[in-house]
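The structure appears right after this line, and notes come after that.
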Amino acid sequence: DGCIDFALGSIMKDPALTSIPFELDTGTCDIEIIDASDPRAVEINLQSRVGTAETGVAFTNMKIVADSNSGKIISREETP
């Protein structure tokens, strides 16, 4: 959820944002804004990676639709 929170905060601060990678304590998160034409339903793709080469790396891919004015998540689903 840290990745989702960061993505929502970033798009709320900068509506022109298109993508951003960032590091969490547990791994890396890549954010890609797919469609921000309607600020009430911004589509965001997220990929979070946790682990290391030594321990193995796990990926989670998600598509989020959120209101960039309020930060409220409208929908969220895991994607392949």
Side-chain angles (χ1 to χ4, degrees):
D1 284 341
C3 189
I4 295 169
D5 293 340
F6 187 85
L8 292 175
S10 296
I11 193 71
M12 289 173 77
K13 288 180 185 174
D14 182 3
L17 184 70
T18 57
S19 67
I20 184 172
F22 70 96
E23 297 289 324
L24 295 169
D25 291 340
T26 56
T28 302
C29 183
D30 292 318
I31 301 167
E32 181 182 8
I33 309 304
I34 301 304
D35 184 0
S37 60
D38 181 355
R40 296 168 296 167
V42 175
E43 292 182 40
I44 305 167
N45 279 347
L46 304 171
Q47 182 182 72
S48 60
R49 295 182 300 281
V50 296
T52 65
E54 294 82 32
T55 62
V57 178
F59 294 89
T60 300
N61 296 307
M62 298 194 80
K63 178 181 176 185
I64 307 293
V65 177
D67 184 324
S68 66
N69 296 317
S70 68
K72 179 180 177 188
I73 296 172
I74 298 166
S75 69
R76 138 176 149 167
E77 65 180 287
E78 283 196 46
T79 58

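This one's a predicted model, so the numbers in the text were calculated from it and none came from an experiment. Note that the numbering runs from 1 along the sequence shown for the chain.
Note: I64 CD1 to L8 CG = 7.5 Å, rounded to the nearest 0.5 Å. Rounded to the nearest 0.5 angstrom, L17 CG and S10 OG are separated by 6.0 Å.
With L46 as the fixed residue, the side-chain contact (heavy atoms from CB on, under 4.5 Å) test singles out one of I4, D30, N61: I4.
Taking hydrophobic clusters as Ile, Leu, Val, Met, Phe, Trp and Tyr residues chained together by side-chain heavy-atom distances below 4.5 Å, F22 does not share a cluster with M12. Follow the hydrophobic side-chain contacts under 4.5 Å out from V65 and you never reach M62; the two are in separate clusters.
Members clustered with F59: V57, by chain and number, using a 4.5 Å side-chain heavy-atom cutoff among hydrophobic residues.
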Do any side-chain atoms of residues 33-44 form donor-acceptor pairs under 3.5 angstrom with protein atoms, and if so which ones, sequence neighbours left out?
| unit_1 | atom_1 | unit_2 | atom_2 | d |
| --- | --- | --- | --- | --- |
| D35 | OD1 | S37 | N | 2.9 |
| D35 | OD1 | S37 | OG | 2.7 |
| D38 | OD1 | R40 | N | 2.9 |
| D38 | OD1 | R40 | NE | 3.2 |
| E43 | OE1 | K63 | NZ | 3.3 |

Pairs under 3.5 angstrom only: tabulate donor-acceptor contacts from the side chains of residues 72-79 to other protein residues two or more places apart or in another chain.
| unit_1 | atom_1 | unit_2 | atom_2 | d |
| --- | --- | --- | --- | --- |
| R76 | NH1 | D1 | OD1 | 3.2 |

